[in-house]
Amino acid sequence: MMKSALSFKQHFEDYFSKSEDQSNSQKFTEDFFSDFVHYTPLKLELLDSYIKSGQIDHFYQSLVDLKYLVEFSDNLNRYWYMLRAYSGALAKLKADPTAKASKKLYSYYFGKYGDRRMLRTEHWFEKNRWEFLDELQMIYNDNELSYFIRKYEKVLNENFKIYESFILAFIVDIKSLRPIAEVVNKMNKN
């Protein structure tokens with residue numbers, strides 16, 4: 001993850017160095033990294049509370065706050081999209097928890113992603129998407145749907161824990177880069 005953290009650090013240092021207010025660009029950079037290190041774990045706690053309380057729709061809506069991280073790590077990218085896909089579908093299923101609605105949802109997703117079925121053996125995300133959709137297709141009554149929703153809420157939670165561990169490791173790497181940046185800045189000033 002260190003390479004990802006270096007890329008992240010460089011990206012935002014470059015971004016803030018292009019600020020029109022050059023005298024405050026260092027302060028903006030420091031504030032951004034401090035806020036990232038402080039508030040990202042709080043966002044993760046909030047997301048976790050949404051899963052635990054069954055508020056998958058809120059989870060889905062709040063997850064977008066972390067989308068910008070997908071650019072910096074394959075693991076953050078992969079799991080963010082997985083969480084987004086599962087939570088979006090589960091939120092729709094929970095909004096209308098009937099077998100009839102599940103069939104409509106399956107038809108919608110099949111219409112949108114059906115041409116990607118051949119990728120299921122080539123790509124991790126597509127494999128998981130099609131496992132989800134294949135199971136969704138086999139639902140014929142409301143009890144089966146209820147079981148399906150509970151099962152995939154657990155899967156969502158498990159994938160979130162993995163995603164959370166990657167982000168927390170990423171934050172540790174960012175923190176470890178901070179002292180180095182401060183030393184380099186002091187050396188450049190001398």
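Excluded from the calculations below are hydrogen atoms, water molecules and symmetry mates; all remaining heavy atoms, backbone and side chain alike, are included.
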Worksheet item: Does the side-chain contact (heavy atoms from CB on, under 4.5 Å) test come out yes or no for Glu71 and Ser7, once each step is laid out?
Response: CA-CA 9 Å; Glu71 296 179 42; Ser7 174; over 6 Å; no
Aromatic centroids of [Y] and [X] separated by under 6.0 Å:
X: Phe170; Y: Phe166; answer: no
X: Phe160; Y: Tyr79; answer: no
X: Phe28; Y: Phe32; answer: no

Nearest atoms (heavy-atom pairs only) where [X] meets [Y]:
X: Ile56; Y: Ala91; value: CG2-N, 3.9 Å
X: Ile174; Y: Val37; value: CG2-CG2, 4.1 Å
X: Ala95; Y: Pro97; value: C-CD, 3.8 Å
X: Met2; Y: Asp173; value: N-OD2, 3.2 Å
X: Leu47; Y: Ser62; value: CD2-CB, 3.7 Å
X: Asn143; Y: Asn141; value: N-OD1, 3.0 Å

Do [X] and [Y] have side-chain heavy atoms sitting under 4.5 Å apart?
X: Leu133; Y: Phe110; answer: no
X: His58; Y: Gln61; answer: yes
X: Tyr163; Y: Leu83; answer: yes

Thinking salt bridges, do [X] and [Y] make one under a 4.0 Å N-O criterion?
X: Asp96; Y: Lys92; answer: no
X: Lys161; Y: Glu158; answer: no
X: Glu126; Y: Arg129; answer: yes

N/O donor-acceptor pair under 3.5 Å between [X] side chain and [Y] backbone:
X: Asn77; Y: Ser73; answer: no
X: Trp80; Y: Leu63; answer: yes
X: Ser146; Y: Asp142; answer: no
X: Ser4; Y: Phe72; answer: yes
X: Ser107; Y: Lys103; answer: yes

Please answer: with hydrophobic residues joined when any side-chain heavy atoms are less than 4.5 Å apart, are [X] and [Y] in the same cluster?
X: Ile162; Y: Tyr60; answer: no
X: Tyr147; Y: Tyr152; answer: no
X: Leu105; Y: Met138; answer: no
X: Val172; Y: Phe33; answer: no
X: Val155; Y: Trp124; answer: yes

From [X] [atom1] over to [Y] [atom2], what is the distance, rounded to the nearest 0.5 angstrom?
X: Leu44; Y: Ser165; atom1: CG; atom2: OG; result: 10.0 Å
X: Leu93; Y: Glu153; atom1: CG; atom2: CD; result: 10.0 Å
X: Trp130; Y: Leu136; atom1: CH2; atom2: CG; result: 10.5 Å
X: Gln55; Y: Ser87; atom1: CD; atom2: OG; result: 13.0 Å
X: Phe16; Y: Asp31; atom1: CZ; atom2: CG; result: 8.5 Å
X: Thr40; Y: Leu69; atom1: OG1; atom2: CG; result: 6.5 Å

Discussion item. Once side chain to side chain donor-acceptor pair (under 3.5 Å) is applied, do any residues pair with Lys154, and if so which ones, sequence neighbours excluded?
Written reply: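 Partners of Lys154 under the side chain to side chain donor-acceptor pair (under 3.5 Å) test: none.
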Fill in: Residues which pass salt bridge (Lys or Arg N to Asp or Glu O under 4.0 Å) with Glu135, listed by chain and number, not counting sequence neighbours
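Glu135 satisfies salt bridge (Lys or Arg N to Asp or Glu O under 4.0 Å) with Lys151 once adjacent residues are dropped.
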Fill in: Qualifying residues under salt bridge (Lys or Arg N to Asp or Glu O under 4.0 Å), relative to Lys104, sequence neighbours excluded
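With neighbours one apart ignored, the set is empty.
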Worksheet item: Which of these, Tyr109, Tyr113, Tyr86, Tyr106, sits in a ring pair (Phe, Tyr, Trp, His ring centres under 6.0 Å) with Phe132?
Response: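 Passing option: Tyr86.
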Item to complete: Tell me, with the steps shown, if Phe59 and Lys52 meet side-chain contact (heavy atoms from CB on, under 4.5 Å).
Response: CA-CA 10 Å; Phe59 178 90; Lys52 287 179 179 171; over 6 Å; no
More than 12 non-hydrogen atoms from neighbouring residues, nucleotides or ligands closer than 6.0 Å to [atom1] on [X], yes or no?
X: Asp35; atom1: CG; result: yes
X: Tyr140; atom1: OH; result: yes
X: Tyr39; atom1: OH; result: no

Item to complete: Describe, in one word, how the ring planes of Phe8 and Phe36 are oriented to each other, choosing from parallel (under 30°), tilted (30 to 60°) and perpendicular (over 60°).
Response: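 Tilted, since the angle between the ring planes falls between 30° and 60°.
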Worksheet item: With a cut-off of under 6.0 Å to the ring centre and 45° to the axis, is Arg78 in cation-pi contact with Phe125?
Response: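 No, a cation-pi geometry is absent between Arg78 and Phe125.
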Fill in: Lys43 vs Leu66, side-chain contact (heavy atoms from CB on, under 4.5 Å): CA-CA, chis, key distance, verdict
CA-CA 9 Å; Lys43 288 178 187 177; Leu66 298 173; 4.1 Å; yes
Fill in: Side-chain donor-acceptor contact under 3.5 Å, Gln10 with Asp14
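Yes - a donor-acceptor pair under 3.5 Å links their side chains.
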Worksheet item: Does the pair Asp48 and Asn157 meet the rule for a side-chain contact (heavy atoms from CB on, under 4.5 Å), with working shown?
Response: CA-CA 8 Å; Asp48 188 44; Asn157 186 47; 3.9 Å; yes
